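Every value quoted in this text rests on a predicted model; they were computed, and no experiment measured them. Heavy-atom basis, side chains included; hydrogens, waters and symmetry copies ignored. We count residues from 1, following the sequence as given.
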Amino acid sequence: MNCGIAQSLEILGDWWTLLVVRDAFLGVRRFRDFEASLGIAKNVLTDRLQRLVEHEILETVDIGESGTRYEYRLTEKGLALLPIVTSLREWGEEWILGEGNEPILVKDRRTGRRLPKLRLRDADGNLVEPQDLVVEAGPGADRATAERFRE
């Protein structure tokens, strides 16, 4: 499908993959720690980790302990998922769990304060609402996408 969201979901769109990425942001690095944290079957975890490594979201790093031992670390491409993971967490906390029921609090290490909720802002820092957006075909649009947004 000629869509950035569809292409992203092709890689990240299942339950376990996003939870592996979440745990990587929370500092989980080793296979057994992902397995313990998630309660996931070894074969499913192996598949998700391999997929994330193939797509350069995670990388394996030999930590050189008693033979060959690897850790999984987020790459630059993986670290770029922080706003997405944060937005999903914030949405779930607001619309599913409700205020005051947040399982974790994310704070700025430098100030000790909670981070403000992520919001879309324009180049001048003003909030952007859905009605402020215009969508048009981009340079990677196929014929069907270009036709859809020409109307």
*Give every residue pair that meets the salt bridge (charged side-chain N to carboxylate O under 4.0 Å, His left out) criterion with at least one member in residues 19-29, sequence neighbours excluded.*
none
*Looking only at non-hydrogen atoms, find the nearest pair between Pro103 and Leu97 and report the distance.*
CD-CD1, 3.4 Å
*Pairs involving residues 128-144, ordered by first then second residue, that meet side chain to side chain donor-acceptor pair (under 3.5 Å) (sequence neighbours left out)*: Asp142-Thr145
*Of all residues at least two apart in sequence or in a different chain, which pass the side-chain hydrogen bond (donor to acceptor under 3.5 Å, both in side chains) check with Asn126?*
Asp122
*Mind checking the CG-CZ spacing from Asp62 to Arg69? Nearest 0.5 Å is all I need.*
11.0 Å
*asked:* If the condition is side-chain contact (heavy atoms from CB on, under 4.5 Å), which residues does Arg121 pass it with, not counting sequence neighbours?
replied: Leu127
_Let's go through Tyr72 and Val28 carefully: what are the C-alpha distance in whole Å and the side-chain angles of both, what is the deciding distance for side chain to side chain contact (heavy atoms under 4.5 Å, CB included) to 0.1 Å, and is it a yes or a no?_
CA-CA 8 Å; Tyr72 294 90; Val28 177; over 6 Å; no
*What is the distance from atom CD1 of Ile40 to atom CZ of Phe34, rounded to the nearest 0.5 Å?*
10.0 Å
*Side-chain heavy atoms of Val44 within contact of Leu38, under 4.5 Å*: no
*With sequence neighbours left out, what residues match Lys77 under side-chain hydrogen bond (donor to acceptor under 3.5 Å, both in side chains)?*
none
_Distance (rounded to the nearest 0.5 Å) between Leu18 CG and Ile11 CD1_ = 11.5 Å
_For a quick test of reading the model, state the closest non-hydrogen atom pair linking Leu82 to Phe25 and the distance between them._
N-CZ, 3.4 Å
*Is it possible for you to say whether Leu9 and Leu88 belong to one hydrophobic cluster, with membership spreading through side-chain heavy-atom contacts below 4.5 Å?*
no
*Among residues two or more places apart or on two chains, list those pairs meeting side chain to side chain donor-acceptor pair (under 3.5 Å) that have a residue in residues 79-92.*
Arg89-Glu93
*Residues in salt bridge (charged side-chain N to carboxylate O under 4.0 Å, His left out) with Glu56, at least two apart?*
none
_Applying side-chain hydrogen bond (donor to acceptor under 3.5 Å, both in side chains), can you list everything that pairs with Asp47, at least two apart in sequence or on another chain?_
none
*Return the set of residues passing side-chain hydrogen bond (donor to acceptor under 3.5 Å, both in side chains) with Arg150 (not counting sequence neighbours), or none when no residue passes.*
Glu147
*Without swapping roles, check the side chain of Thr75 against the backbone of Ile57 for a donor-acceptor pair under 3.5 Å.*
yes
*Can you tell me how far OH of Tyr70 sits from CG of Leu49, rounded to the nearest 0.5 angstrom?*
14.0 Å
*side chain to side chain donor-acceptor pair (under 3.5 Å) partners of residues 5-14, not counting sequence neighbours, each pair once*: Asp14-Thr17, Asp14-Arg48
_Nearest atoms (heavy-atom pairs only) where Asn2 meets Gly140_ = ND2-O, 3.2 Å
*According to a 4.5 Å side-chain heavy-atom criterion applied to Ile, Leu, Val, Met, Phe, Trp and Tyr, with indirect links allowed, do Leu19 and Ile84 form part of one hydrophobic cluster?*
yes
*If you group Ile, Leu, Val, Met, Phe, Trp and Tyr by side-chain heavy-atom gaps below 4.5 Å, do Leu118 and Val21 land in one group?*
no
_Apply the hydrophobic cluster definition, ILVMFWY joined by side-chain contacts under 4.5 Å directly or through others, and give me every member besides Met1._
none
_Assigning hydrophobic clusters by single linkage (Ile, Leu, Val, Met, Phe, Trp, Tyr; side-chain heavy-atom cutoff under 4.5 Å), is Val61 placed with Leu26?_
no
*Once you round to the nearest 0.5 Å, how far does CD of Glu59 lie from CD of Glu71?*
11.0 Å
*If every non-hydrogen atom of Ala141 is compared with every non-hydrogen atom of Ala146, which pair is closest and at what distance?*
CB-N, 4.1 Å
*Crowded around Ile5 CD1? As in, over 12 foreign heavy atoms under 6.0 Å?*
no
*Check which hydrophobic residues are tied to Leu120 through side-chain heavy-atom contacts below 4.5 Å, counting indirect links as well, and list them.*
Val128, Leu133
_Let me confirm one number: the NZ-CZ distance from Lys107 to Arg114, rounded to the nearest 0.5 Å._
8.0 Å
